[in-house]
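Data block below; observations after.
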Amino acid sequence: MPLSNAKSWKPFLDEELNKPYMLTLKEFLRLEKNDHKIIYPHSSNWFQAIELTPLEEVKVVILGQDPYHQPHQAHGLCFSVQPDVKIPPSLRNIYKELQSDLTIPHALHGCLESWAKQGVLLLNSVLTVEYNLANSHQGKGWERFTDKIIETVAQQNQNVVFLLWGSYAQKKGAFIDTKKHLILKAPHPSPLSAHRGFFGCRHFSKTNDYLKQHGKTAIHWELPKLAHPI
């Protein structure tokens, strides 16, 4: 599990990668592959969130739970899918809130890489999953590793906006210093809960207002059009 493409994170995470719990996780993943189980995303994308968003550039953190578990969906960014894949329901609801909040039209694809490249860390709590088995890699060690990522952001950066959608994300981000950062909470954008307060939360405009108040560039939430939209 090298971090060669996430150089800004290496000083804070290299030691973590060699702790016993991570060695146990590596062995678990190796045995799963040897057993011919299909794991998403591809191993080259396990650390995509921190590879696309250098530590010093993190301005916003969105926490997800675990990757999508159907073919061709997951590529290492929470809520995001690869460009040629149908937009999942939770992401559709995120787009609905974006339109309501900032009059941004619905994107025709579900790839959120442009957010990541602007300093939005799109981090799942668990970074792998078995095909067709949601939450199948929970409790194997990823949670502790991603806690370390969140802790690193909270300690090293100033005035970061943490978007905690749903009780799982809110528990995971409970230790973040609210005097140093902005914590915005809402129900999860899933169709099961979005109507309970995710719709109307206006987190996207609130995020940009806070960033501008602290001398940072606002996030351009509108996604670029693809050359070959689906």
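Along the sequence shown, the residues carry numbers beginning at 1.
Rounding to the nearest 0.5 Å places CG of Asn157 at 7.0 Å from NE2 of His181. Separation of atoms OH (Tyr40) and CG (Asn45) is listed at 13.0 Å; rounding is to 0.5 Å. Note: Leu52 CG to Leu77 CG = 5.5 Å, rounded to the nearest 0.5 Å. For the atom pair NE2 (His195) and CZ (Phe199), the distance works out to 9.5 Å, reported to the nearest 0.5 Å. Taken to the nearest 0.5 Å, the CD atom of Glu97 stands 8.5 Å off from the CZ atom of Arg202. For the atom pair Leu25 CG and Met22 CE, the distance stands at 5.0 Å (nearest 0.5 Å).
When the shell of 6.0 Å around NZ of Lys19 is examined, it contains more than 12 heavy atoms from other residues, nucleotides or ligands. In Lys180, the NZ atom is crowded: over 12 heavy atoms of neighbouring residues, nucleotides or ligands sit closer than 6.0 Å. Heavy-atom neighbours of His72 NE2 from other residues, nucleotides or ligands within 6.0 Å: at or below the threshold of 12. No more than 12 heavy atoms of other residues, nucleotides or ligands sit less than 6.0 Å from atom CD of Glu15.
You'll find the side chain of Pro189 stays beyond 4.5 Å of the side chain of Lys96, heavy atoms only. The closest side-chain heavy-atom distance from Leu184 to Cys201 is not below 4.5 Å. Contact check for Asn5 versus Phe47: no side-chain heavy atoms found under the 4.5 Å cut-off. Between Trp221 and Ile94, the closest side-chain pair of non-hydrogen atoms is not below 4.5 Å. Two residues are said to be in side-chain contact when any heavy atoms from C-beta on lie closer than 4.5 Å; Asn18 and Lys26 meet this criterion.
A donor-acceptor contact closer than 3.5 angstrom links the side chains of Glu16 and Tyr21. A donor-acceptor pair shorter than 3.5 Å cannot be found between the side chains of Thr152 and Trp9. There is a side-chain donor-acceptor pair under 3.5 Å between Asn132 and Gln70. Residues Lys172 and Thr146 have side chains that bring a donor and an acceptor to within less than 3.5 angstrom of each other.
Here the side chain of Asp177 pairs no donor or acceptor atom with the backbone of Ala154 at under 3.5 angstrom. Between the Ser8 side chain and the Leu55 main chain, a donor and an acceptor come within less than 3.5 Å of each other. Between the side chain of Ser114 and the backbone N or O of Pro224, no donor-acceptor pair lies under 3.5 Å. Counting only distance, with no hydrogens or angles, the side chain of His214 and the backbone of Val160 share no donor-acceptor pair below 3.5 Å. A donor-acceptor pair under 3.5 Å links the side-chain atoms of Asp101 to the main chain of Phe204, judged by distance alone. The main-chain N or O of Asn159 is found under 3.5 Å from a side-chain atom of Lys216 such that the two form a donor-acceptor pair. Judged by distance alone, with hydrogens and angles left aside, the side-chain atoms of Gln170 form a donor-acceptor pair with the main-chain N or O of Leu164 at under 3.5 Å. Side chain of Gln73 to backbone of Lys86: no donor-acceptor contact under 3.5 angstrom is found. Listed for the Gln118 side chain is a donor-acceptor partner under 3.5 Å among the backbone atoms of His220. Checked by atom type and distance alone, the side chain of Asn208 never pairs as donor or acceptor with a backbone atom of Ala218 at under 3.5 Å.
For Trp165 and Phe79, the distance between ring centers is under 6.0 angstrom. Residues Tyr168 and His188 place their aromatic rings such that the two centres sit no closer than 6.0 Å.
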Subject >> Verdict with reasoning, His137 to Glu130, per side-chain contact (heavy atoms from CB on, under 4.5 Å) >> reply: CA-CA 7 Å; His137 289 185; Glu130 185 181 341; 4.1 Å; yes
